[in-house]
Amino acid sequence: MLSITLPDGSVREVASGTTPADIAAAIGPGLAKAAIAARVDGELRDITRPLEADANLALVTSRDEKDALELARHDFAHVLAEAVQNLFPGTQITFGPATDDGFYYDFAPKDRPFTEEDLPAIEAEMRKVIAKDEPLIREVWSRADLIARWRKQGESFKAEWAAELPDGEELTVYRAGRGDDAWLDMCRGPHLASTGKLDPQAFKLTRVSGAYWRGDQNNAMLSRIYGTGWLNKKQLDQHLFRLEEAAKRDHRKLGQEMDLFHLQAEAHGSVFWHPKGYMIWRELEAYMRRAIDAAGYREVKTPQVMDARQWEQSGHWGKYRENMFVIPDEVPNVEDEGPIVSNDADWMALKPMNCPAHVLIFRQGIKSYRDLPLRLYENGCCHRNEPHGALHGLMRVRQFTQDDAHIFCREDQIVDEVQDFCRLADRIYKDFGFTYSIKLALRPDKRFGSDEMWDKAESELRDAVMRAGLATEQYGWEELPGEGAFYAPKLEWHLTDAIGRTWQVGTIQSDRVLPERLDASYVGEDGERHRPVMLHRAIFGSYERFIGILIEHFAGKLPAWLAPVQAVVATIVSDADEYAGHVAAELRQAGLRVDTDLRNEKINYKVREHSLAKVPNLLVVGKREADEGTVALRQLGSDRQQVMTLAEAIAKLTGEARAPDLATASAATAA
């Protein structure tokens, strides 16, 4: 008999071989119907897998959405593979994992690569497989038998993988249906009890691409079919709507339409900012400088290239070198013959982060406990050697600029400093209209420092958030085991955008390792040397990525204070050209960013064009406006046209174009 402990603390004595499904049925028919899997001592398992030993058991239902989605997506991938082999005999199967919003499977087609024209037929066949309600049966095979089976079926990729799995690893197969002709796949699982547990209307195949076997370009090219899978059709429809909205908001598309930036192969992962795009950058930079100046930070600037020995001492060379651009410290050979660089040069590296350089600034001169906290801020340009395939517009680049700061403080100042940062981040995110959640990323398996040090650092961050009143369900408070940096735990701010997507941006990390490794110290009240604690923090994360998020969040319709062009003065007839120039000059004098459109085009054409460019304000002038000293104001997103005096327009637009922090300060002064 086995002792099975349930989440409520009750213990059930059951025979060996009893399944979680049996226990669910014994508890009640409702739970028997709802249970789809089980967690056995924390491990997610099939609902029909027999229990082998005493264990803690938690039954999983569709209300446990994270687990339920992972199971469903894994099953959709298997159903996809079975459907493809039904339709295209001779196709070999390889791998098919679940993903964050769906699944994919890689195939080696017998005759030709798959195309998107094949997807409707495959979807229809998948629904037939689901309708059969085939049981998904877990089996343990010997390595020799499994390899023989794969080779007999012509599955050379599966046979190769089975042969290379570690000795001693249990090799499991899932059989879809019963009998010798049932479809098989090698898989760790777990799975739902049968294909019929899937909603046939809750998935959609989305695209086809090429993929190399095991990710190696020297191996065979496969066909990868992607899909999205959910628990029900409502979830699928919501996801497809988000995808449609995301495509409309894609910052790469809008960046081109609005003439903000471009990327090209001559500088992989680095952004060419156009004047309009860089204007957004400048406004953000000015905003952040006002915020950090008011919060008591001191801005610094540090070198781009530093000796590799510095990175060795900091620990980055050993833990992060694969993501660093390294540079030989020598004059390259200018002769036609011979290598460009020798093997004798010392190595330097482009900085992937700013923190070691800030420690070197802290170390200049003797610091007293009275000097702390010392808050050093830098708009620091960094480089990280990301793979070409991982680059994505502004969201993932190789060259980026962080709104980076490091706070050197005493042990007794940590919680107050983190609490102050929480308040600063809260105000800034609300200025941009974002809601957010806060997560605490805890110690990873590979890390520097003692357990006692990590206990203390994690507790300090947790206490600061609690004191700030943010460790609540309203702020999505959650602790993430294993997600911290190798040198420190961290708080993460996850923003929610206009279509419900989340973006991890801000962070603060409590670090006792780097000050120790780089020998940073201050003189305490007792006259002895002490190590400062180093708080790493950022709010935007990087300017590039934050601008990309803003473009997508606002669908290009940026708030007036961030808009590269805040107003365009457009003429109806050429007789108004001189007056248009006067209006533009007055608006510029008031501090607005203004263009004129004097082209010999119809006004409806001009309105449409500037709307596509996401200009927030269009001031239309013709002969009547010139005679009366008025303008016809059309604002982006509104069908209304307001006729007003030029003075009224200037007052309205300058008020709307004021940055939120300046508007708040102005309102406070007026009050």
Side-chain angles (χ1 to χ4, degrees), residues 269-270 300-333 339-367 374 376-378 380-387 390 397-402 404-409 441 443-454 457 482-490 507-522 529-538 542:
S270 298
V300 298
K301 193 70 177 171
T302 59
Q304 285 294 104
V305 181
M306 293 170 62
D307 194 294
R309 285 181 284 263
Q310 178 67 25
W311 299 108
E312 288 173 4
Q313 190 176 351
S314 71
H316 292 92
W317 195 253
K319 298 258 182 199
Y320 206 76
R321 187 171 64 238
E322 66 183 22
N323 295 107
M324 297 171 71
F325 289 99
V326 295
I327 305 167
D329 187 13
E330 68 175 11
V331 177
N333 176 25
I340 295 174
V341 295
S342 71
N343 293 324
D344 302 324
D346 289 333
W347 287 103
M348 304 186 77
L350 282 170
K351 64 176 179 181
M353 61 269 300
N354 304 296
C355 31
H358 288 191
V359 177
L360 297 184
I361 291 179
F362 178 86
R363 285 176 48 188
Q364 294 300 299
I366 298 172
K367 299 295 185 297
L374 177 60
L376 299 181
Y377 175 87
E378 179 172 10
C381 182
C382 299
H383 290 78
R384 295 182 186 173
N385 193 0
E386 302 282 2
V397 291
R398 286 176 153 186
Q399 177 183 293
F400 57 94
T401 298
Q402 296 178 308
D404 203 9
H406 296 90
I407 303 169
F408 297 88
C409 61
R443 68 197 73 183
D445 292 334
K446 295 181 179 179
R447 59 184 183 268
F448 288 144
S450 65
D451 286 344
E452 292 77 14
M453 184 211 78
W454 280 85
E483 296 294 318
F486 68 86
Y487 53 84
K490 59 180 176 176
T507 182
I508 187 166
Q509 304 166 15
S510 174
D511 179 11
R512 289 171 170 84
V513 172
L514 207 56
E516 178 72 34
R517 293 183 69 93
L518 297 182
D519 195 28
S521 66
Y522 67 91
R529 290 181 68 210
H530 298 270
R531 296 287 182 214
V533 176
M534 186 177 183
L535 303 177
H536 307 244
R537 49 113 296 180
S542 80

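Computation of the quantities below employed the complete heavy-atom set of this structure, encompassing side-chain atoms and omitting hydrogens, waters and symmetry-equivalent molecules.
- What you find for Pro515 and Met534 is that their closest heavy atoms are CG-CB, 3.7 Å.
- Nearest heavy atoms, Pro352 versus Phe400: O-CZ, 4.0 Å.
- Once rounded to the nearest 0.5 Å, the distance linking CD of Gln399 with OG1 of Thr401 reads 6.5 Å.
- Here the side chain of Arg443 pairs no donor or acceptor atom with the backbone of Gly484 at under 3.5 angstrom.
- The main-chain N or O of Gly269 is never found under 3.5 Å from a side-chain atom of Glu386 such that the two would form a donor-acceptor pair.
- With rounding to the nearest 0.5 Å, the separation of CZ in Arg384 from OG in Ser542 is 9.5 Å.
- Nearest approach of Trp454 to Pro489, heavy atoms of both residues: CZ3-N, 3.2 Å.
- The backbone N or O of Asn385 lies less than 3.5 Å from no partner atom in the side chain of Arg398, so there is not a single donor-acceptor pair.
- Applying the salt bridge (charged side-chain N to carboxylate O under 4.0 Å, His left out) criterion to Glu312, with sequence neighbours excluded, gives no partner residue.
- Salt-bridge check for Asp404 with Arg537: failed, with every basic side-chain N at 4.0 Å or more from each acidic carboxylate O.
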Apply side chain to side chain contact (heavy atoms under 4.5 Å, CB included) to residues Lys351 and Trp311 and explain how you reach the verdict.
CA-CA 9 Å; Lys351 64 176 179 181; Trp311 299 108; 3.6 Å; yes
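- Qualifying side chain to side chain contact (heavy atoms under 4.5 Å, CB included) partners for Thr507, counting only residues two or more places apart in sequence or in other chains: Lys490, Gln504, Gln509.
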Tabulate below the donor-acceptor pairs under 3.5 Å that side-chain atoms of residues 322-329 make, not counting sequence neighbours, or state none.
none

Start with the C-alpha gap between Tyr320 and Met353, add the side-chain angles, then the distance that decides, and say whether side chain to side chain contact (heavy atoms under 4.5 Å, CB included) holds.
CA-CA 11 Å; Tyr320 206 76; Met353 61 269 300; 4.3 Å; yes
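- Interatomic distance, NE2 of His406 versus CD1 of Ile361, reported as 11.0 Å (0.5 Å rounding).
- If you take SG on Cys409 and OH on Tyr522, they are separated by 8.5 Å, rounding to the nearest 0.5 Å.
- Between His358 atom NE2 and Leu374 atom CG the span is 10.5 Å, to the nearest 0.5 Å.
- Annotation: salt bridge (charged side-chain N to carboxylate O under 4.0 Å, His left out) contacts of Glu330 (sequence neighbours excluded): none.
- Using a 4.0 Å cut-off between charged side-chain N and carboxylate O, Asp519 and Arg529 make a salt bridge.
- Residues Pro356 and Gln310 come closest through the heavy atom pair CB-NE2, 4.1 Å.
- Between the CD atom of Glu516 and the OG atom of Ser521 there is a distance of 10.0 Å, given to the nearest 0.5 Å.
- The two atoms that bring Cys382 and Gln402 nearest to each other are SG-OE1, 3.7 Å, heavy atoms only.
- Residue pairs that meet the salt bridge (Lys or Arg N to Asp or Glu O under 4.0 Å) test with at least one member in residues 354-365, sequence neighbours left out, do not exist here.
- For Asp451, the side chain to side chain donor-acceptor pair (under 3.5 Å) partners at least two apart in sequence or on another chain are Arg447.
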Val513 vs Met453, side chain to side chain contact (heavy atoms under 4.5 Å, CB included): CA-CA, chis, key distance, verdict:
CA-CA 9 Å; Val513 172; Met453 184 211 78; 3.8 Å; yes
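- Nearest approach of Ser510 to Val533, heavy atoms of both residues: OG-CG1, 4.0 Å.
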